[in-house]
Amino acid sequence: MSANDPFPPLTNLMRKSIGDLLSPTDSFSDMCAENVDFEAPYAPGGAKRIFGREEVAKYMPVVPEFFSIDELVETAQYRSTDPEVVILEFYARNGVGVKTGLPYDQKYINVIRVRDGKIVQYRDYWNPSVVLEAAGGAEALPENVKTSA
């Protein structure tokens with residue numbers, strides 16, 4: 001694992017869950033194509049979309065600033081009729097709000113499109129109420145997390 005990986009739980013989940021589709025890399029952002037489309041449809045304040053590997057690399061360090069997560073644990077995986085698409089269900093094990101100490105009991109569903117060993121589309125579905133409670137409210141989150149891009 002690279003020291004440059006700001007969010008190892010996500011990188012590890014991707015390696016374990018869909019590693020057979022991905023080229024070997026050191027971090028989640030390195031798993032992404034140059035022109036990746038990353039979307040969080042239920043982000044506080046409206047859908048959050050990030051375009052491009054560089055923007056994903058800037059966004060990923062924000063997560064561990066607000067949430068301490070020991071591990072992301074897969075509970076189900078679905079391969080679609082489209083061989084590029086994988087759907088993952090997973091949850092945050094031992095998640096805690098860094099600033100509040102409150103539990104971060106988040107469940108996720110991700111729809112991931114992989115082409116030529118890289119993630120080209122990533123839709124990240126999660127409960128914004130869990131985020132807001134564990135973070136200490138919308139005012140505690142940075143603008144790049146809670147507003148549309």
Side-chain angles (χ1 to χ4, degrees), residues 1-19 21-22 25-80 84-114 118-149:
M1 177 166 329
S2 169
N4 295 324
D5 187 1
F7 191 33
L10 182 58
T11 304
N12 293 337
L13 175 74
M14 291 297 113
R15 279 191 192 116
K16 289 177 190 173
S17 297
I18 62 170
L21 296 176
L22 295 168
T25 60
D26 290 333
S27 69
F28 176 78
S29 59
D30 290 340
M31 293 175 180
C32 295
E34 279 293 325
N35 61 347
V36 65
D37 179 0
F38 182 100
E39 181 180 9
Y42 300 128
K48 173 72 179 165
R49 291 189 81 175
I50 302 169
F51 297 99
R53 182 186 306 149
E54 286 184 30
E55 293 304 311
V56 169
K58 290 177 192 174
Y59 177 75
M60 293 318 303
V62 171
V63 177
E65 288 178 22
F66 290 88
F67 306 104
S68 173
I69 300 170
D70 285 350
E71 182 181 17
L72 294 173
V73 180
E74 180 184 311
T75 56
Q77 181 178 130
Y78 311 96
R79 298 285 173 123
S80 76
E84 293 183 339
V85 175
V86 176
I87 301 159
L88 293 179
E89 291 185 41
F90 57 97
Y91 68 93
R93 175 177 284 156
N94 299 326
V96 176
V98 170
K99 296 179 181 177
T100 65
L102 295 172
Y104 179 68
D105 296 326
Q106 187 66 269
K107 294 179 181 177
Y108 304 83
I109 296 176
N110 284 185
V111 180
I112 305 161
R113 179 177 297 278
V114 179
K118 297 288 185 182
I119 297 169
V120 296
Q121 184 178 41
Y122 191 94
R123 288 186 312 226
D124 190 21
Y125 296 93
W126 39 265
N127 185 341
S129 297
V130 173
V131 167
L132 293 173
E133 186 172 332
E139 60 281 352
L141 295 173
E143 290 302 313
N144 70 336
V145 171
K146 63 184 176 186
T147 60
S148 299

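Model, not experiment: these values are computed from the prediction.
A distance of 10.5 Å separates CG of D37 from SG of C32, quoted to the nearest 0.5 Å. Between the CZ atom in F67 and the CG atom in L102 there is a gap of 10.5 Å [rounded to 0.5 Å]. We find the OH-CZ distance between Y42 and R123 to be 10.5 Å, quoted to the nearest 0.5 Å. In this structure, CD on E39 lies 7.5 Å from CD on Q121, to the nearest 0.5 angstrom.
Within the 3.5 Å criterion, the main-chain N or O of D30 finds a donor-acceptor partner in the side chain of K118. The closest donor-acceptor contact from the side chain of S29 to the backbone of V56 lies at 3.5 Å or more, if one exists at all. Remark: the backbone N or O of L88 is not paired with any side-chain donor or acceptor of E74 at under 3.5 angstrom.
Contact annotation: the side chain of V36 never approaches that of M31 to less than 4.5 Å [non-hydrogen atoms, C-beta and beyond]. Counting only heavy atoms from C-beta outward, the side chains of F7 and F28 never approach each other to under 4.5 Å. Proximity of R15 to L22: side-chain heavy atoms (C-beta onward) are nowhere separated by under 4.5 Å. Residues L141 and V131 have side chains in contact (heavy-atom distance under 4.5 Å, counting atoms from C-beta outward). T25 places none of its side-chain heavy atoms less than 4.5 Å from the side chain of M14. Between D5 and D26, every side-chain heavy-atom pair lies at or beyond the 4.5 Å cut-off.
Between K58 and V62, the shortest heavy-atom contact is O-CG2, 4.3 Å. Minimum heavy-atom separation, A43 to K48: CB-CB, 3.7 Å. When all heavy atoms of P64 and P6 are compared, the pair lying nearest together is CG-O, 3.1 Å. Counting all heavy atoms, side chain and backbone alike, A140 lies closest to A135 at CB-O, 3.3 Å.
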Evaluation steps, side-chain contact (heavy atoms from CB on, under 4.5 Å), between L21 and R79: CA-CA 11 Å; L21 296 176; R79 298 285 173 123; 3.6 Å; yes
Check: residues 89-98 side-chain donor-acceptor pairs under 3.5 Å, at least two apart:
unit_1	atom_1	unit_2	atom_2	d
E89	OE2	Y78	OH	2.7
Y91	OH	R93	NH2	3.2
R93	NH1	E71	OE1	2.8
N94	ND2	D70	OD2	2.9

With a 3.5 Å cut-off and sequence neighbours excluded, list the donor-acceptor pairs that the side chains of residues 106-113 form with protein atoms.
unit_1	atom_1	unit_2	atom_2	d
Q106	OE1	N127	N	3.0
Q106	NE2	N127	O	3.0
Y108	OH	Y104	OH	2.8
N110	OD1	Y122	OH	2.1
N110	ND2	D124	OD1	2.7
R113	NH1	D82	OD2	2.8
R113	NH1	E84	OE1	3.0
R113	NH2	D82	OD2	3.3

